[in-house]
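Heads up: numbering here begins at 1 and tracks the sequence. Hydrogens, waters and symmetry mates are skipped; everything else that's a heavy atom, side chains included, is used. Quick caveat, the model's predicted, so the values are computed rather than measured.
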Amino acid sequence: MAEVTIQILDGVDRGRVFSRLGTPVSIGREEGNTIQLNDERVSRFHVKIQEDQGQLVLTDLESTNGTRVNGEPVPLTILRLGDRISVGRSVLLIGSPEQLDKLMSSTPSKPGAQEHTMNSPANLPGNKTRPAGVTDQIAANIDRPSDELKFQLNFHADGISHVTQAPGDAEVTPRSAPALPTRLSPAQAAQLAELLLYLHQQIASAVDEVTDQSAEGGIQITKVIWQRILRVEMELARFHYQIGHPD
């Protein structure tokens with residue numbers, strides 16, 4: 001039995017981490033799922049993740065609003081470390097912080113360099129053996145190079161990005177930057193400053209490696225840079241969850 005860690009990047013449950021879940025894993029709104037999401041746009045039993053021939057396989061369970069992996073609608077797909085699963089208003093990230101750190105450290109960071117992903121449950125913690133029947137061709141596919149991630153960043157004139165809305169949603173107004181908390185003790189102020197500096201350095205290190213793609217505003221990044229950005233997003237989500245759930 002393979003194990004998989006799933007982090008909640010966005011949605012009502014953002015910041016939660018489900019560590020080393022044994023497959024199969026079911027995700028949905030109903031009690032009885034391995035991961036129960038507080039999201040009215042998620043079906044009662046929305047998606048299933050299972051192991052088959054050394055791979056993690058995601059299956060949409062004929063959900064009402066569908067499932068997307070890395071932005072693409074899919075009924076069935078192979079999952080890899082670092083993949084983002086979108087169900088309803090929730091976004092889930094495959095892999096633990098330690099696994100993603102290992103993935104980033106083993107992947108060349110410059111665009112155009114060869115990249116590798118770990119897409120087999122055999123590479124996940126707690127599973128030291130490859131399932132019987134895995135052929136040499138499948139084993140070779142485990143470490144095959146992945147395509148570089150290319151995407152467009154579009155901003156309003158005021159620097160606030162568009163908010164993605166599902167059909168039927170009420171209009172969402174982007175929030176302006178909040179004010180810093182006041183009346184902090186010296187230790188609290190120093191702790192907050194240290195946290196903000198850490199997040200700034202993480203984002204800056206990723207931005208420094210982005211390369212121009214076209215005169216129209218497109219850019220190109222490698223998967224390792226994208227993973228750095230996702231790591232910062234997940235850490236912010238975790239901080240938000242811990243503040244709201246201090247116990």
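- No donor-acceptor pair under 3.5 Å is formed between the side chain of T59 and the backbone N or O of L76.
- The cluster map of Ile, Leu, Val, Met, Phe, Trp and Tyr, joined by side-chain heavy atoms under 4.5 Å apart, puts L61 and I49 in different clusters.
- Separation of atoms CG (L236) and CG (L9) is listed at 10.5 Å; rounding is to 0.5 Å.
- T222 contributes atom OG1, which lies 7.5 Å from atom CZ of R228 (distance to the nearest 0.5 angstrom).
- Here the options are R29, H46, R44, R41, the test is side chain to side chain donor-acceptor pair (under 3.5 Å), and the partner is S63; only H46 passes.
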Apply side-chain contact (heavy atoms from CB on, under 4.5 Å) to residues L184 and L192 and explain how you reach the verdict. CA-CA 9 Å; L184 297 176; L192 177 61; 3.9 Å; yes
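- The backbone N or O of G82 lies less than 3.5 Å from a partner atom in the side chain of Q227, making a donor-acceptor pair.
- With hydrogens and angles disregarded, no donor-acceptor distance shorter than 3.5 Å links the side chain of N38 to the backbone of D13.
- A 4.5 Å side-chain heavy-atom check between T67 and T77 finds every atom pair outside the cut-off.
- At a threshold of 4.0 Å, the pair E235-R231 counts as salt-bridged, since one of the basic side-chain nitrogens sits closer than that to a carboxylate oxygen.
- Of all non-hydrogen atoms in T23 and Q50, the two that sit nearest each other are CB-CA, 4.4 Å.
- Taking CD of E233 as the reference point, atom CZ of R238 lies at 11.5 Å (rounded to 0.5 Å).
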